[in-house]
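All remarks here apply to the structure that follows.
First listed ligand is number 1; within each ligand, the first listed atom is number 1.
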Amino acid sequence: MNFRKILFLSLVAIISLSTNAQEFFKKKDLMSVGVYYYPEHWNPDQWDRDIKNIANHGFEFIHMAEFAWAMMEPEEGVYDFAWLDKVIELAKKYKLKVILGTPTPCPPVWMGIKYPEIYLMDANYQREQHGTRANMSLSNPVFLEKTQLIVAIMAKRYGKNKTVIGWQIDNEPEAKEDYSPSAQKAFIKWLQKKYTTIEALNQAWGTRFWSQLFASFDEVHIYNATSVGWWGTNPIAILDYKRFTADTQAAFLDFQAEELRKYIVPSQYITTNYVAKGGQTDPRRSTKMDFASFTAYPNYGSSNLGDLGFRLGDYSVLMYANDYYKSVDGLTGVMELQPGQVNWANHNSLLQPGTVRMWLWHCFAGGSSFACTYRYRQVLYGSEQYHHGIVTTDGITLSQGGKEYVQVINEINQLRKDYSEKAKTPEKLAKRKTGLMWSFDNLWNLDRQCQTYQWNTWGHMQRYQQILHSLGAPVEFITEEDNFEDYHFIVVPAYEMVDEALVAKWKKYVENGGNLIVSTRTGAKDKNAHLWESNLSGIMNDLIGGEIEQFDMLPGGKSGNIVMNDKTYHWSSWGDLIKPYKDTEVLASYKDQFYKGTACVLKNKIGKGTVWYVGVESTDGQLEKDIIKSAFNANDIGVENYPEGVFVQYRDGFWVAVNYSSTDYELNLDNKATILIGEKVLQPAGVTVWIE
Ligand code: GAL
């Protein structure tokens with residue numbers, strides 16, 4: 001290859017990699033709405049009718065193929081794409097766009113028979129088999145080879161097709177535990193890369209405890225809590241296994257993305273659909289996709305807020321997903337949003353009419369560039385028979401959720417007319433913008449050592465997120481690598497593992513005028529999950545302005561009292577006993593127990609800024625809310641007081657309010673406000689959209 005050709009190809013490569021994620025969606029389109037369609041489930045005679053109806057209802061794209069490997073490759077090396085070609089042609093005919101899924105969650109039967117090693121092994125060393133989905137060993141070379149082949153074949157076929165706008169890799173990627181020989185081998189390789197020498201691994205894992213010393217990497221095995229009991233298993237070995245599992249999952253996605261990228265045009269995007277909340281997959285570990293999208297099933301059989309909560313869903317699902325996934329690459333969308341009743345929850349109640357519409361508007365408010373629903377037609381067979389779709393079992397009549405989708409599509413079309421590219425984020429929101437620090441490594445380690453059944457790592461973080469929303473503060477999830485100076489406030493809930501560099505970065509941020517709100521359990525360990533060879537707060541002492549000497553917890557049902565500014569608060573699950581330094585202000589202390597009078601909340605001024613250390617978890621969150629409120633007020637920043645379950649957010653010139661609570665809420669609207677959708681009084685499942 002001559003020099004000019006190399007130069008040309010390098011330029012092409014740079015240009016194709018540098019498509020800015022924002023360019024995949026036009027801002028003026030606000031949120032494009034689509035639906036999953038499974039042509040392989042229906043008589044081909046009905047495809048034309050179905051696609052036409054989907055288009056007539058106003059959907060703008062369909063999503064297909066993520067479970068259809070057996071239809072694409074009925075025999076090893078024998079491919080059939082005629083059916084998919086036909087449906088993509090129909091989509092084109094009815095002016096719909098297409099998102100294609102790579103079919104890796106469901107390899108065909110022949111593959112498992114011929115290569116049983118493609119399946120993962122569970123913690124009982126039982127090999128899984130065909131009959132469900134997403135149970136492959138992502139460390140297995142045969143499965144990776146088969147994956148590469150099918151992805152390349154699809155990408156070559158549809159990578160330049162103008163109807164296809166994007167790709168979803170796999171489906172709801174899960175970082176599943178795998179104890180198969182392939183995983184054992186890959187784990188050792190991962191450890192060798194991380195530690196280089198066995199001495200370093202022994203040191204990091206603390207293998208002198210209970211005689212776990214390894215003489216060489218070959219001796220290392222995946223620690224299996226199922227075999228030996230969770231209480232005795234080495235927590236650091238388990239943490240590394242979690243990290244390995246998440247890295248393996250991420251590498252699987254990146255591997256597919258790289259394969260797709262070889263053949264597709266840059267205007268087709270690559271994403272995957274992460275589970276909204278609670279999954280073990282860490283989206284930040286994948287770097288080769290364009291953006292992260294998510295799936296949300298807010299009503300999963302829990303009671304939620306108030307009398308109607310069991311029909312309105314858990315608000316924290318979309319609250320988390322909206323803020324979190326947007327923070328990953330600056331752009332997101334909801335790839336699956338529950339259309340009605342599901343089949344898999346412990347109880348599958350009907351939704352309160354209006355709920356699906358409220359969720360859609362919540363996604364819109366949170367910034368989604370698109371919203372798609374699983375699925376168009378309710379399936380007549382298979383494990384999801386009782387799962388609602390946009391149309392009912394007859395294939396044509398809109399379900400309640402379907403009607404609400406169509407309503408939102410029409411409402412968005414209306415709103416598109418009011419879109420102005422000149423709209424600017426209101427100043428009060430810009431000032432309140434808060435960074436929330438959160439990492440999966442910390443989650444995994446804390447969850448392994450809760451120390452009390454009352455500790456809930458997700459719940460602890462989400463309490464802070466909810467408080468910020470109730471005060472009307474936009475929340476962005478941030479990492480250690482982000483620029484802290486972009487935020488007036490940073491909240492750090494239970495960020496257990498730290499190092500000198502992170503503590504120094506926090507300190508510098510505060511010295512320069514930042515407001516850092518740090519909660520209990522933060523900084524209790526180093527990055528290897530070891531405790532400090534000093535007091536409990538180790539290298540955090542100077543930052544928080546004191547030393548944590550002990551921590552306490554009470555049995556459930558029993559609460560202790562705390563006093564702050566003459567107001568009494570209650571706690572039960574976790575409380576630090578802190579010895580403050582001379583110049584540190586004690587904001588709150590315990591009012592009872594044998595350590596009555598001991599500090600639990602500190603305020604430490606450093607340079608131009610302030611650190612609040614909240615060393616206790618209150619029972620109802622009121623203490624944390626009052627502290628954050630006072631932090632905003634100390635900076636002359638006014639806040640709102642939205643009740644739990646009411647979200648008021650701003651996006652692209654529009655204010656949106658939704659109500660997951662069971663009572664009406666009257667919005668306090670500015671005189672300049674013009675309501676475009678809904679009313680001033682927000683009913684349960686209500687939506688109001690206005691401009692100011
Ligand atoms: C999702 C999954 C979909 C479908 C759906 C049913 O978690 O990604 O494929 O199974 O659940 O609610």
If you measure from the Lys or Arg side-chain nitrogens to the Asp or Glu carboxylate oxygens, is any gap between Asp290 and Arg261 under 4.0 Å?
yes
Please tell me if the side chains of Arg284 and Phe477 come closer than 4.5 Å, counting only heavy atoms from C-beta onward.
yes
Output, in order, the C-alpha distance, side-chain angles, deciding distance and verdict of side chain to side chain contact (heavy atoms under 4.5 Å, CB included) for Trp361 and Phe647.
CA-CA 11 Å; Trp361 279 108; Phe647 291 85; over 6 Å; no
Are Asp282 and Arg243 ion-paired here, with the side-chain N under 4.0 Å from a carboxylate O?
no
Between Asp85 and Arg157, does any side-chain N to carboxylate O distance fall below 4.0 Å?
yes
So is Thr295 polar-close to ligand 1, meaning N/O to N/O under 3.5 Å?
no
Do the charged groups of Arg357 and Glu411 touch, with an N to O distance under 4.0 Å?
yes
His387 heavy atoms within 4.0 Å reach ligand 1 at atoms 6 (C), 12 (O)
Identify the closest protein heavy atom to atom 1 (C) of ligand 1: which residue and atom is it, and at what distance?
Glu336 OE1, 3.1 Å
Any N or O of Arg133 closer than 3.5 Å to N or O of ligand 1
yes
Stepwise ring-ring contact (aromatic ring centres under 6.0 Å, His included) check, Tyr179 with Tyr241:
CA-CA 10 Å; Tyr179 297 85; Tyr241 180 52; 5.6 Å; yes
Would Glu384 count as being in polar contact with ligand 1, using the rule that some N or O on each side must be under 3.5 angstrom apart?
yes
Contact check: Glu66 vs ligand 1, nitrogen or oxygen atoms, below 3.5 angstrom:
no
Within the 4.0 Å heavy-atom shell around Phe67, which atoms of ligand 1 are there?
9 (O)
Does any N/O atom on Asn343 come nearer than 3.5 Å to any N/O atom on ligand 1?
no
Within 4.0 Å of some non-hydrogen atom of Glu172, the atoms of ligand 1 are 1 (C), 2 (C), 7 (O), 8 (O)
Verify the ring-centre separation between Tyr119 and His130: is it less than 6.0 angstrom?
no
At the 4.0 Å heavy-atom cut-off, does Trp344 count as touching ligand 1?
yes
Under the ring-ring contact (aromatic ring centres under 6.0 Å, His included) test, which residues partner Tyr405, sequence neighbours left out?
none
Is Asn171 touching ligand 1 with its side chain, its backbone, both, or neither, if touching means heavy atoms under 4.0 Å apart?
side chain
To the nearest 0.1 Å, how far is atom 5 (C) of ligand 1 from its closest protein heavy atom, and which atom is that?
Tyr297 OH, 3.3 Å
For ligand 1, the portion of Arg375 having any non-hydrogen atom under 4.0 Å away
neither
